[in-house]
Amino acid sequence: MDGPLKELSKLERLTERSKGKTSSIENSLDSLLQSLREVKDRINAGSVTEDTYVLLAQTIEAKKKEIDEKQKEIYNGIARLGKALDKKFTQPLPTYEPLFASKDALAALERTIALHFLRTGQFSTAETFIQECKMVIEPEQRTKFQDLHRIVLALKRQDIGPALEWSLKNREFLRKRSSPLEFYLHRSQFVRLLLADPPDAGPAISYANATLRSFYPEHATEFQRLMTSVLFLPKERLLRSPYADLASDSVHTDLEPLFAKEYCTNLGMSRQVPLRVIGDIGGGGALARIEKARTVMKERKSEWSQTDELPIEIQLAPENRYHSIFACPVSKEQSTEQNPPMMMTCGHVITKESLQKLCKSNGRVKCPYCPTESTQANALQVVF
């Protein structure tokens, strides 16, 4: 991939250098649009002549040449990148039957794209896309996404007020999920007060006494760490202490994804952006590996009979693993919904099928890893 990456790097440098030309290109386009509007007005007024069309064609050609000249270097860079990619990837891309042929499937795809734009804060793009697709997105849903990004932007500015207000309104929901969001918001403010210049622990301690005391039962250890960190002021000393992590920017920046996750969960949406996950997994190499396996199996005239499994292993980032993964130490097989992990009374875990095979006629099971005996009925299913 050295060749394509090298050309891509060159193209990026070209685009950076050509940013100053953007305004002149926009001026050329604006001039062309003005000429088109004038001709349109003359057509509507009935005063257009043959010379008008000739002059318009000449104007369009002149403006095209003008813009092409300004973009010449970038066009050449794109062409070189294309040639480098063609040289690296000699095999043609696979073709498939259209996956969104029906009206319902196409409507579902368009709605997913529109919600992606709204969820990621691209509101003007979303509005244009919604209008062009002639779909209906409920105003209430749009408002909720706008509210999400208003609060996230406030967190970027280190203003926890809007997020805290939302947390208080939805405290019962957060408590049912055992979410630490409200505590972490207060922790962020405590640390900000603690590390203020000049160093003064008084405001931070007063804030903790007023807001953090009620969180002690659920966050006792973290509460004790916050109170003890006061002894290691100023910041330079805190950075050399066991509580250095409290001075990290992540105490504040981690609030943004955590809040977005809780907000979207409250709306009944996934904690991750669906299209972003698809791009990360597919673009991260999964599709290429699957296609390679498909090609190899086709050449060998073999088929894969398992509908819920892939014939090859696909490495995924931890945040993209959605199902429990457990390999039984006895059978060496991966657990499934029909063959889940089971924990015996001694704490060792094997799959259900292995447990049944080890079970004696009297219902007792001897653990294959320790001398403990238990009964099959006492084994508990483990959910990761």
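Atoms considered below: every heavy atom in the structure, side chains included; atoms not considered: hydrogens, waters and symmetry mates.
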Please table the atom pairs, donor to acceptor, closer than 3.5 Å between any side-chain atom in residues 75-82 and protein atoms at least two apart or in another chain.
unit_1, atom_1, unit_2, atom_2, d
N76, ND2, K72, O, 3.4

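Hydrophobic clustering places I113 together with M269 (ILVMFWY residues linked when any side-chain heavy atoms are closer than 4.5 Å, directly or through intermediates). Taken together through direct or relayed side-chain contacts under 4.5 Å among Ile, Leu, Val, Met, Phe, Trp and Tyr, F183 and F173 form part of one hydrophobic cluster. Note: the hydrophobic cluster containing L29 does not contain I60 (ILVMFWY, side chain heavy atoms under 4.5 Å, direct or indirect links). When hydrophobic clusters are built by joining Ile, Leu, Val, Met, Phe, Trp and Tyr residues whose side-chain heavy atoms come closer than 4.5 Å, directly or via intermediates, L355 is not grouped with L380. Following chains of ILVMFWY side-chain contacts shorter than 4.5 Å, one cannot reach M342 starting from V349, and the two form parts of different hydrophobic clusters.
Other residues, nucleotides and ligands contribute over 12 non-hydrogen atoms within 6.0 Å of the CZ atom of R177. By the 6.0 Å contact criterion, CG on D249 is open, its count of non-hydrogen atoms from other residues, nucleotides or ligands being 12 or less. Counted within 6.0 Å of CD on E50, heavy atoms from surrounding residues, nucleotides or ligands total 12 or fewer; the atom is thus considered open. For E140, the CD atom sits in a loose shell: 12 or fewer heavy atoms of surrounding residues, nucleotides or ligands are nearer than 6.0 Å. Counting heavy atoms of neighbouring residues, nucleotides and ligands inside a 6.0 Å radius, atom NZ of K366 exceeds 12 of them.
Inter-residue side-chain proximity for I160 and R192 is flagged as met; some heavy-atom pair is nearer than 4.5 Å. A heavy-atom distance below 4.5 Å is not found between the side chains of N339 and Q334. By the 4.5 Å heavy-atom criterion applied to side chains, T336 and T351 are not counted as neighbours. With a 4.5 Å cut-off on side-chain heavy atoms, E353 and E333 count as touching. Counting heavy atoms from C-beta outward, C264 and L148 have side chains that approach closer than 4.5 Å. Contact of the K292 side chain with the R289 side chain is not registered, since no non-hydrogen atoms from C-beta on lie closer than 4.5 Å. Between R142 and E127 the shortest side-chain heavy-atom distance falls below 4.5 Å. L195 places a side-chain heavy atom less than 4.5 Å from the side chain of L238.
In this structure, the side chain to side chain contact (heavy atoms under 4.5 Å, CB included) partners of C346, at least two apart in sequence or on a different chain, are M344, H348, C367, C370, T372.
Ring geometry, F215 versus H186: the interplanar angle falls from 30° to 60°, so the pair is classed tilted. By the 30° and 60° cut-offs, the orientation of the rings of Y184 relative to H219 is tilted.
The distance from the CD1 atom of I74 to the CG atom of D68 is 12.0 Å, given to the nearest 0.5 Å. Atoms NZ and CG, on K169 and L174 in that order, are 13.5 Å from each other to the nearest 0.5 Å. Atom CE of residue M227 and atom CG of residue L194 lie 8.5 Å apart, to the nearest 0.5 angstrom. Within the model, atoms CG of L275 and CG of L115 stand 9.5 Å from one another, a figure rounded to the nearest 0.5 Å. A distance of 10.5 Å separates OG1 in T59 from CD in E61, rounded to the nearest 0.5 Å. If you take CG on L255 and OG on S250, they are separated by 9.5 Å, rounding to the nearest 0.5 Å.
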Start with the C-alpha gap between T375 and N378, add the side-chain angles, then the distance that decides, and say whether side chain to side chain donor-acceptor pair (under 3.5 Å) holds. CA-CA 5 Å; T375 62; N378 288 336; 2.8 Å; yes

Show the numbers, then the answer: is there a salt bridge (charged side-chain N to carboxylate O under 4.0 Å, His left out) between E218 and R175? CA-CA 10 Å; E218 295 86 5; R175 283 182 174 173; 5.9 Å; no

What's the verdict on side chain to side chain contact (heavy atoms under 4.5 Å, CB included) for H116 and T112, showing C-alpha distance, side-chain angles and the deciding distance? CA-CA 6 Å; H116 172 82; T112 301; 5.7 Å; no

Can you check side chain to side chain donor-acceptor pair (under 3.5 Å) on S270 and Q272, steps first, answer last? CA-CA 5 Å; S270 60; Q272 293 173 284; over 6 Å; no

Take T128 and T125, measure what side chain to side chain donor-acceptor pair (under 3.5 Å) needs, and give me the verdict at the end. CA-CA 5 Å; T128 302; T125 305; over 6 Å; no

V365 vs E373, test: side chain to side chain contact (heavy atoms under 4.5 Å, CB included). Steps then yes/no. CA-CA 6 Å; V365 180; E373 280 197 10; over 6 Å; no

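Distance alone, capped at 3.5 Å, is enough to place a donor-acceptor pair between the T228 side chain and the Q224 backbone. With hydrogens and angles disregarded, a donor-acceptor distance shorter than 3.5 Å links the side chain of H149 to the backbone of R119. In this structure a side-chain-to-backbone donor-acceptor pair under 3.5 Å is present from S35 to S31. Looking at Y263, its side chain does come within 3.5 Å of a backbone N or O of K144 through a donor-acceptor pair. With D147 contributing its side chain and T143 its backbone, the two residues share no donor-acceptor pair below 3.5 Å. With hydrogens and angles ignored, the 3.5 Å screen pairs a side-chain donor or acceptor of T265 with a backbone N or O of K261.
Minimum interatomic distance between L99 and A105 (heavy atoms only, all atoms of both residues): O-CB, 4.4 Å. For L212 against R187, the heavy-atom pair with the smallest separation is CD2-N, 4.3 Å. N362 and R364 get closest at one heavy-atom pair: OD1-N, 3.1 Å. Nearest heavy atom pair, residue E110 against residue F129, reads O-CE2, 3.2 Å. Nearest heavy atoms, E138 versus R111: OE1-NH2, 3.4 Å. Nearest approach of F259 to V152, heavy atoms of both residues: CD2-CG2, 4.2 Å.
For the side chain to side chain donor-acceptor pair (under 3.5 Å) condition, the pairs that include at least one residue of residues 231-247, sequence neighbours left out, are R225-D245.
The distance between the ring centers of F190 and Y207 does not fall below 6.0 angstrom.
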